[in-house]
2 protein chains.
Amino acid sequence: MDYLKLENQACFPIYALSRVLTAHYKPILDEVELTYPQYLVMMVLWEHNQLSVKEIGEKLLLDSGTLTPLLKKLEAKKMILRERSKTDERIVNVSLTNNGLQLKDKASSIPEAFKCSLGLTTDEITLLRKNINTILDKTKK
Amino acid sequence: MDYLKLENQACFPIYALSRVLTAHYKPILDEVELTYPQYLVMMVLWEHNQLSVKEIGEKLLLDSGTLTPLLKKLEAKKMILRERSKTDERIVNVSLTNNGLQLKDKASSIPEAFKCSLGLTTDEITLLRKNINTILDKTKK
DNA sequence: ATAAATTAAATTGTGTACAATTTAATTTTA
DNA sequence: TAAAATTAAATTGTACACAATTTAATTTAT
């Protein structure tokens, strides 16, 4: 088997699928004026209320070079607050504004809209999620 | 189930895995001075010798906005040639230089090196590839 | 045959990604 | 406890990604 052929690659379809899925999200997220990475940040904040930049990075596997400008955009949209920790000035804590908190209601329809856009069954999605998460855990260190 | 929780998302682990896998490729591709998207372009050219920008885009799911600057970089590295088609001036044909062709030998060890870096079994990779390709085919239109 | 529509690349502008470095604050250690 | 090491963000620079527009060439439909 020729391992330098595209069809024998495992990484390419994941790279391509990631972009295809983000494209499916695009029109849905346009409604709430968020990009996909911005949506992910909002999602972890809806779940945890307040997180440092580092903690957000650990959850999303992104570094400050990516997060700092992204968080500044969310701040400019009045979705989040960024404030230096009083007890440790190195840390920037990120929290939701009322605006950002209220967006959760509007966002509640996003997962279902996304599922419809994909046209996959619940079983297919669940299987995919579990399969990918297994691989992700094994490879991410 | 709260579908706005990160752990219940199917898209996030794919997005994250794509970046994790690219990070695994990085030190390996540094040896041949290619980025991962550049490596993909070289791979389709090793397989097809000559392709138009549009054909490369169809294979990799990338548009000219992404490909044009990337191809110019490969051209600057003397890996490829870009020339307007004589029969249809709208088309730019991309082909390998001798340099680019010879790189295939050096690149032949990349798939194995990547597999070692991941630490997954052949079976795990094959299963993943088939599973992802099925989903990709269903979602890419 | 020629105006209208389509096509292929390139361009422009915005938004990630990430390596490498810098800055400032806090811990560790000699 | 003061210098050294570490840590958290921010910054800088390079390279995608992609929407939207532009440009030029080719088809098509009248």
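Every chain is numbered from 1 and lettered A, B, ... according to where its sequence line falls, protein lines coming before strand lines.
- One finds the CE atom of B/Met43 at 12.5 Å from the NZ atom of A/Lys5 (value rounded to the nearest 0.5 Å).
- Rounded to whole Å, atom P of C/dA17 lies 11 Å from atom CZ of B/Phe12.
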Point to revise | Sequence-aligned protein contact record of nucleotides 6-15 of chain D, with B where the base is within under 4.0 Å of a protein heavy atom and S where only the sugar-phosphate is | key: -BSBBB---S
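- Distance NZ (B/Lys26) to P (C/dA19): 7 Å, rounded to an integer number of Å.
- We find that CG of B/Leu60 is positioned 12 Å from P of D/dC16, with the value rounded to whole Å.
- Distance A/Asp30 CG to D/dA20 C1': 13 Å, rounded to the nearest Å.
- Note: A/Leu21 CG to A/Lys26 NZ = 15.5 Å, rounded to the nearest 0.5 Å.
- In this structure, B/Ser85 reaches neither bases nor backbone, as no heavy-atom distance under 4.0 Å exists between it and the strands shown.
- Here the CG-NZ distance, from A/Leu118 to B/Lys138, works out to 11.5 Å after rounding to the nearest 0.5 Å.
- The shortest side-chain heavy-atom distance between A/Glu55 and A/Val44 does not fall under the 4.5 Å cut-off.
- Across the protein-nucleic acid pair, A/Leu40 atom CG and C/dG15 atom P stand 16 Å apart, rounded to whole Å.
- Residue B/Tyr15 places at least one side-chain N or O closer than 4.0 Å to OP1 or OP2 of C/dA17.
- Checked against B/Gln50 for a side-chain contact (heavy atoms from CB on, under 4.5 Å), the options B/Asn93, B/Leu81, B/Leu96 give a single hit: B/Asn93.
- In this entry the distance linking NZ of B/Lys86 with C1' of D/dT26 reads 18 Å, nearest Å.
- At whole-Å resolution of the value, OH in B/Tyr25 and P in D/dC16 are 16 Å apart.
- In this structure, A/Leu61 atom CG and C/dA19 atom P are separated by 12 Å, rounded to whole Å.
- Nearest heavy-atom pair across B/Asp2 and B/Asn8 is O-ND2, 2.8 Å.
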